Amino acid sequence: MSASLNPTALARLLGPWNTGASPAYRELADVVRLLILDGRIPLDVALPSERALAETLGMSRTTVTAAYAGLREQGFLSGGQGSRGRTGIPHRTIPVSVPGIALPDGILDLAYASLPATGEVVHRAFADALADLPALLPGFGYDAVGIPALREAIAERYTAAGVPTTAEQILVTSGAQHALNIVLRTLAGRQQKVLVDHPTYPNALDAIRASGSRILPVPLPPAGPGAENAGWDLDTMVATLQQQRPAMAYLVPDFHNPTGRLMSDLQRRRLVRAAESSGTVLVVDETLRALNLDGGSTSPLAAFSPAVVSIGSLSKSHWAGLRTGWIRADGDMLSRFIATRTTMDLGGPVVEQLAAARLVGSFEEPLGARLSTLRENRAALLELLAEHLPDWQPEQPRGGLTAWCRLPTPSSTALTVIAPDFGIRLAAGPRFGAGGAFEQYLRVPFTLPPEQLETAVRALSAAQARLDASPQLRRTLKEPQIAAIA
Ligand SMILES: Cc1ncc(COP(=O)(O)O)c(C=O)c1O
């Protein structure tokens, strides 16, 4: 049977959508559109019937009918009136004349920060994996910890980076997000507190919420006047650890998503000491660690304490389609993660793991080209932003895939809502925070080649101009609530 969204679930996703700033049907349509673009309402699901949604929201049926009609007209709902519309994204949105740019056929996706495969290398790894496969076919094929060749290759990389590691300390997972879910289910939940960098990676926030844990956001200090990396606010982080004693902390110290910051070794050492004394398990997401664009070296956080739990992935260094990640932890802790893992699935696919073992074994091979492409893209993006959106303040990312931009006004959600009219898809700033924060920020990836980045930035600039010309378009906005931190 095809998927559908029930009215209560939709009402929960909508949150407090009705600000009264403009007609309710328009506000409702705008927020649903944003949820679809953001990926929080999946594509091709049936929305609740008009009657059921009107009842749940306590609105008149005419309001819901008009909102759905608007969404149909814009291509975000398919199916005729009377039938339950299915969600979609318009293949090509309403053409808007933007001087100097030809709108691309599809929409440029600035909501994803991911690169295509390191083609040739990944393909070759799969060809080699097929050659390796016969040796494993006599086994059962169930391996809840990962195939030995891959665990060993990952362990060797940690050892080479200064963190002596054996294969027994590695659990192979289907990506970093899977790894985080295993860790959360083991260490958090039941209203326990999980400290996070703020802003942070949206899917991690969603996973923490879904685990039933409470998010404890510790703000990253704003970028300095020259947009230089301001690092982490260790004083606040340490005070929060001491006062709140969270069960776990989820941090992205290596080319943090979305800011691209890198935590210094000094800060790493202090953080580890503070977590030890508060009894907090430090979980670090190193998914972006290989994307080091400015050189300079830091030690993996696990180099400072055996109690640190590290999460890694091949998604950003090689290809997200591999769906291969891992957890590195000490023996007892790893056993707990393995026990949790088998409640979720019984192991990863063998051919992917064989290919991943090849890729991890010669990890650096495709990286040089990837890093130089990213450096060029980063320079192009920062130049384009300076030229076309001079009052935006992008932070200079030291690595990773994205630039975190401070906007002149709190208009991130409004920009995201109108972006498809300009041929682009965005992820609104508040997706990166708790409690509606970051309305004045937008993450812009530099994963597209410079020509497409130019189209994207011109489109951003045109969208910004439209907002400036009609400030009432910001009607879906609420004032950003800066989450209070103890
Ligand atoms: C910090 C961070 N963690 C995890 C992920 C997801 O990784 P995976 O594809 O391995 O699940 C991403 C992807 O953007 C990321 O940026």
Side-chain angles (χ1 to χ4, degrees), residues 38-39 109-118 122 146 150 154 157 170-185 194-211 215 217 220 232 248-263 282-293 300-301 309-328 337 341 344-345 348-349 352-353 355-356 359-360 363 370 374 397-404 425-427 431-433 443-448:
D38 237 9
D109 200 325
L110 299 179
Y112 274 96
S114 209
L115 287 166
T118 45
V122 171
L150 179 53
I154 295 167
R157 256 188 78 70
I170 303 294
L171 168 60
V172 175
T173 64
S174 302
Q177 183 71 2
H178 180 213
L180 176 60
N181 274 298
I182 293 172
V183 169
L184 283 166
R185 207 180 276 190
V194 175
L195 182 151
V196 296
D197 306 318
H198 200 226
T200 191
Y201 176 54
N203 291 327
L205 287 174
D206 288 346
I208 297 168
R209 287 188 193 104
S211 74
I215 294 173
L220 290 181
W232 273 251
M248 131 180 188
Y250 166 82
L251 303 175
V252 188
D254 300 280
F255 312 118
H256 173 261
N257 185 354
T259 63
R261 293 184 191 190
L262 177 65
M263 190 184 281
L282 267 188
V283 178
V284 292
D285 183 338
E286 298 179 338
T287 296
L288 294 148
R289 184 168 163 84
L291 303 184
N292 181 352
L293 300 182
L301 222 111
V309 173
S310 314
I311 288 176
S313 169
L314 292 181
S315 285
K316 306 296 159 163
S317 56
H318 292 74
W319 191 38
L322 288 158
R323 304 310 312 138
T324 302
W326 57 86
I327 302 172
R328 179 203 179 275
F337 294 146
R341 194 251 171 89
M344 300 162 101
D345 69 349
E352 270 74 2
Q353 292 186 69
L359 293 169
V360 176
F363 195 90
R370 177 157 284 218
L374 283 172
R398 309 230 356 223
L401 299 166
T402 59
W404 185 235
R425 193 170 91 93
L426 304 174
R431 290 285 283 126
F432 297 80
R443 185 187 77 166
V444 185
F446 44 89
T447 42
L448 297 171

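We count ligands from 1, going down the list as the structure has it; atoms in each ligand are counted the same way. The model shown is predicted, which means the values in this text are computed figures rather than measured ones. Below, all heavy atoms of this structure are taken into account, side chains as well, without hydrogens, waters or symmetry copies.
Just one residue in the list Val196, Leu195, Thr200 forms a side chain to side chain contact (heavy atoms under 4.5 Å, CB included) with Leu251, and that residue is Leu195. Each of Leu322, Thr324, Leu150 was compared with Leu359 under the side chain to side chain contact (heavy atoms under 4.5 Å, CB included) criterion, and only Leu322 meets it.
Neither the backbone nor the side chain of Asn203 has a heavy atom within less than 4.0 Å of ligand 1. Contacts between Ala320 and ligand 1, counted as non-hydrogen atom pairs separated by less than 4.0 Å, are absent for every part of the residue.
Taking only non-hydrogen atoms, the option from His178, Arg323, Gln177, Lys316 nearest to atom 13 (C) of ligand 1 is Lys316. In this comparison of Thr324, Asp285, Thr402, the heavy atom closest to atom 1 (C) of ligand 1 sits on Asp285.
Near Ser313, meaning under 4.0 Å from one of its heavy atoms, ligand 1 places the atoms 8 (P), 10 (O). In summary, the atoms of ligand 1 found under 4.0 Å from a heavy atom of Gly175, numbered by their order in the structure, are 10 (O), 11 (O).
Annotation: atom 7 (O) of ligand 1 to nearest protein heavy atom, Ala176 CB, 3.6 Å. Protein heavy atom at the shortest distance from atom 6 (C) of ligand 1 is Tyr201 OH, 3.3 Å. At the top of the distance list for atom 9 (O) of ligand 1, counting protein heavy atoms only, stands Ser315 OG, 2.7 Å. Here the protein heavy atom with the shortest distance to atom 16 (O) of ligand 1 is Asn257 ND2, 2.9 Å.
At least one donor-acceptor pair closer than 3.5 Å links the side chain of Arg370 to the backbone N or O of Lys316. Using modelled atom types, one side-chain atom of Arg341 and one backbone atom of Val172 make a donor-acceptor pair closer than 3.5 Å.
Nearest approach of Leu301 to Leu282, heavy atoms of both residues: CD2-CD1, 3.5 Å. Smallest separation of non-hydrogen atoms from Tyr250 and Ala204: CE2-CB, 3.4 Å.
Residues Leu171 and Trp326 form no side-chain contact, since every pair of their non-hydrogen atoms from C-beta on lies 4.5 Å or further apart.
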